[in-house]
Amino acid sequence: MKLQIVGTGSIPVKERNACALIDDKILIDCENGIIKTLEQQGVNINNIEAVFITHLHGDHFLDLPFLILQRTFNNPKKN
């Protein structure tokens, strides 16, 4: 199992996020700015299969809608 610490911080901390990534497929929490952070770390967000939200503080779920939208924009359905 590969555990990648995407960050260990909170919203006021600019350098870190409150997220982790397991085997490049399971995202634990989806903090504000996580899409940019994952891209900077070379993670393809289209490979994420599951997102687990540990609790309902903003620094753990605020970018979930944006992650879903970005994945949709990256993989539009062909008609």
Side-chain angles (χ1 to χ4, degrees):
M1 173 188 301
K2 173 186 167 189
L3 175 63
Q4 180 175 345
I5 303 299
V6 182
T8 55
S10 62
I11 287 177
V13 179
K14 293 181 181 180
E15 302 83 24
R16 299 181 304 261
N17 295 311
C19 303
L21 187 63
I22 300 172
D23 292 333
D24 292 328
K25 295 180 181 182
I26 302 169
L27 184 65
I28 309 297
D29 290 325
C30 196
E31 210 258 333
N32 186 30
I34 192 60
I35 297 169
K36 181 183 264 186
T37 302
L38 290 170
E39 288 175 352
Q40 289 171 345
Q41 294 186 11
V43 175
N44 182 347
I45 63 170
N46 296 319
N47 293 335
I48 296 173
E49 297 176 0
V51 178
F52 293 99
I53 305 299
T54 58
H55 59 284
L56 295 178
H57 286 164
D59 61 334
H60 293 266
F61 75 91
L62 281 177
D63 263 14
L64 184 58
F66 302 109
L67 179 70
I68 293 167
L69 282 172
Q70 187 64 42
R71 287 172 48 94
T72 302
F73 293 147
N74 289 350
N75 292 310
K77 299 224 185 242
K78 295 180 181 178
N79 295 325

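Starting from 1, each residue takes its place in the sequence as its number.
Residues that satisfy the side chain to side chain contact (heavy atoms under 4.5 Å, CB included) test with Asp23, not counting sequence neighbours, are Met1, Lys2. Among residues two or more places apart in sequence or in another chain, the side chain to side chain contact (heavy atoms under 4.5 Å, CB included) test is passed with Asn46 by Asn44, Arg71, Asn74, Asn75.
Residue pairs meeting the ring-ring contact (aromatic ring centres under 6.0 Å, His included) criterion with at least one partner in residues 23-55, sequence neighbours excluded, are His55-His57, His55-His60. Sequence neighbours left out, not one pair with a member in residues 21-48 passes ring-ring contact (aromatic ring centres under 6.0 Å, His included).
Of the inter-residue distances, the one linking Ile68 atom CD1 with Cys30 atom SG reads 8.0 Å to the nearest 0.5 angstrom. The distance from the CG atom of Asn47 to the CG atom of Leu21 is 9.5 Å, given to the nearest 0.5 Å.
Ile48 places none of its side-chain heavy atoms less than 4.5 Å from the side chain of Ile26. Side-chain contact between Ile34 and Leu67 is absent, with no heavy atoms from C-beta onward closer than 4.5 Å. Side-chain contact between Ile35 and Leu38 is absent, with no heavy-atom pair separated by less than 4.5 Å.
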inquiry  = Is there a side-chain contact (heavy atoms from CB on, under 4.5 Å) between Ile53 and Asp29? Walk through the geometry before answering.
reply    = CA-CA 5 Å; Ile53 305 299; Asp29 290 325; 4.2 Å; yes

